[in-house]
**Student:** 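What follows is a structure written as structure tokens; I'll ask about it next.
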Number of protein chains: 2
Amino acid sequence: MDDVVTVLSVDDHKMTALGYKYILEDAVFDGYSVRVEVANGYLEGEKRIKDAEGTKRYNIVLLDIQLFPAEAKDPRTGQDLGKLARKLIPESKVVFMSSFSDSFRINSICQAVNPDGYLVKSEIDELSLIDMVKTVITAPPYYTHLALVAVRKNMSQTFKVDEYDQAILYQLSIGRKTKDMTSVIPLSQATIDNRKRALKHNFGVQDKNDLALIEEARIRGFI
Amino acid sequence: MDDVVTVLSVDDHKMTALGYKYILEDAVFDGYSVRVEVANGYLEGEKRIKDAEGTKRYNIVLLDIQLFPAEAKDPRTGQDLGKLARKLIPESKVVFMSSFSDSFRINSICQAVNPDGYLVKSEIDELSLIDMVKTVITAPPYYTHLALVAVRKNMSQTFKVDEYDQAILYQLSIGRKTKDMTSVIPLSQATIDNRKRALKHNFGVQDKNDLALIEEARIRGFI
DNA sequence: GGAAAAAACCTAATTTTTCTAAGGTTTTTC
DNA sequence: GAAAAACCTTAGAAAAATTAGGTTTTTTCC
């Protein structure tokens, strides 16, 4: 193992990333030290990853999810950087840190990127940060407690919805009109109507509105 | 919290269970101590769980998976006891300890029982056993490393198979003939033939035999 | 607040997809 | 070499999707 573990930390709050940097660089590891490079926001993070293409420059890439200010309306997230890292620097470990602890989001990211770690920000302290580096380097994966709870919830979900139903629930949750879903879900509007009706029935919210369906889906971890 | 945490340990190797008993009873916990009752095998475990029905007698139920000697040919496993515990003593935490570390088995059990912990036996030592009790009591779940790796593998599985295909793969893996699968899978033999052919195509093993299909499914964590 | 427009909800007929029944051919097992 | 099993195919049945459009409810606008 190298004497220095290099971490790229990508966050839209530089102060947060600097906090992690000093914690990790001050910590005492067994047989190595940690050096943290900070990238402020999506674009800088993207650049660093691209600049490192094909190298082993980073042992760990630490990614926030939200990397643009809300008003930027940019749909790209840390998940996209995670996928990019997987492609360009496949030997680097990818770890997410996010304030999101909802089941759906965590499981979606884990499925899409298969990260070596996931930390819910409210659970991060000095010890867990250090423990994350140790575990990710030697025996991934590393999940904080709430991330594990979310994973467990998904695993034990006995009521299955297929990919179409999941997409319908998601589109409902972000406010897309049913008639517009045909542009993102390859089904006819009547089929979407039918499946929506079936979902309401199966979730025990027929005779109720979409909000009830969304809420029940959220409770069950489908969104 | 009670001063004493009571654990029911169900294993078919009494010496193993006794080992856990002495480790945990000798350990020093913060604010409580641990008392372990040992049940030797499935039937005794079943009896203890039934006797405890509706009570809070056990804080934790620790279950091995294999609870009959191989020659007994009894299909019941610790998973059945786990489900029973969930039903009769719902306030007790359920934790599995097993030598199985294959992805399919771990994920099946987690889905069927939603345990508060899963330990792969090769990873159990004094510290992890103690840590398991602490975590399970205060903030479940607790998975050992290989269990987490298995969970992660399942999560990141992008190639989905539905329940019918998964059952076909499993039946193939235990050697059941295709013509006999109709007794355990509610599909016609022609449909099973068709799905099997499609699975071989999707897994890139058409023109190969069943062993190739099984192996590829195992690699991908479907069995 | 009411009218018009938009969207949701719903349904029947038709089409498409998947399953099944039935049985033939090929391969494997004994 | 015979029997068993796997593999494969076709025609028909069943299930799901689609087309097309109607009714009801909600939203928007004045």
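Order of the sequence lines fixes the chain letters, A, B, ..., with proteins taken first and strands second; residue numbering starts at 1 for each chain.
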**Student:** Using a cut-off of strictly less than 4.0 Å, decide whether B:Thr191 has a side-chain nitrogen or oxygen near OP1 or OP2 of C:dT20.
**Tutor:** yes

**Student:** Assess the side chains of A:Thr178 and A:Lys196: does a donor N or O sit below 3.5 Å from an acceptor N or O?
**Tutor:** yes

**Student:** Would you indicate what A:Arg195 reaches in the nucleic acid, counting non-hydrogen atoms under 4.0 angstrom: base, sugar-phosphate, or nothing?
**Tutor:** sugar-phosphate

**Student:** Tell me yes or no: between the side chains of A:Asn194 and A:Thr191, is some donor less than 3.5 Å from an acceptor?
**Tutor:**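 Distance-only check fails for A:Asn194 and A:Thr191.
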
**Student:** Would a 4.5 Å heavy-atom cut-off, applied to side chains only, mark B:Leu146 and B:Ser122 as touching?
**Tutor:**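 The answer is yes; the side chains approach within 4.5 Å.
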
**Student:** Find the distance A:Leu213:CG to C:dA8:P and express it as a whole number of Å.
**Tutor:** 13 Å

**Student:** Using whole Å, what does the distance between atom C1' of nucleotide D:dA15 and atom CG of A:Asp162 come to?
**Tutor:**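 Interatomic distance, CG of A:Asp162 to C1' of D:dA15: 14 Å.
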
**Student:** Distance check needed: D:dT27 P versus A:Lys177 NZ, whole Å only.
**Tutor:** 10 Å

**Student:** How many whole angstroms separate atom CG of A:Asp180 from atom P of C:dA7?
**Tutor:**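 In whole Å, C:dA7 P lies 7 Å from A:Asp180 CG.
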
**Student:** Taking NZ from A:Lys200 and P from C:dC10, how many angstroms apart are they, rounded to a whole number?
**Tutor:** 8 Å

**Student:** Just the rounded figure in Å: distance from P of D:dA16 to CD1 of A:Ile192.
**Tutor:** 17 Å

**Student:** In this structure, how many angstroms lie between the P atom of C:dT11 and the CD atom of A:Gln189, rounded?
**Tutor:** 15 Å

**Student:** Out of C:dA8, D:dT19, D:dC7, which nucleotide sits closest to the side chain of A:Lys179?
**Tutor:** C:dA8

**Student:** So what does B:Asp210 touch, heavy atoms closer than 4.0 Å: a base, only the sugar-phosphate, or nothing?
**Tutor:**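 Sugar-phosphate, backbone atoms only, no base.
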
**Student:** At less than 4.0 Å, is any side-chain N or O atom of A:Arg197 found next to OP1 or OP2 of C:dC10? Yes or no.
**Tutor:** yes

**Student:** Just to confirm, is there a sub-4.0 Å distance from OP1 or OP2 of C:dC19 to any side-chain nitrogen or oxygen of B:Ser188?
**Tutor:** no

**Student:** Looking only at side-chain N and O atoms, does A:Lys196 come under 4.0 Å of OP1 or OP2 in C:dC9?
**Tutor:** yes

**Student:** For DNA chain D, whose closest nucleotide is more 5', that of A:Leu187 or that of B:Arg176?
**Tutor:**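 In this pair, the answer is B:Arg176.
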
**Student:** To the nearest Å, how far apart are A:Asp165 CG and D:dA16 C1'?
**Tutor:** 13 Å

**Student:** Do A:Tyr118 and A:Tyr143 have ring centroids that are under 6.0 Å from one another?
**Tutor:** no

**Student:** Could you walk me through whether B:Glu91 and B:Tyr58 satisfy the side chain to side chain donor-acceptor pair (under 3.5 Å) test, starting with their C-alpha distance in whole Å, then the side-chain angles of each, then the deciding distance to 0.1 Å, before giving a yes or no?
**Tutor:** CA-CA 8 Å; B:Glu91 291 187 60; B:Tyr58 301 115; over 6 Å; no

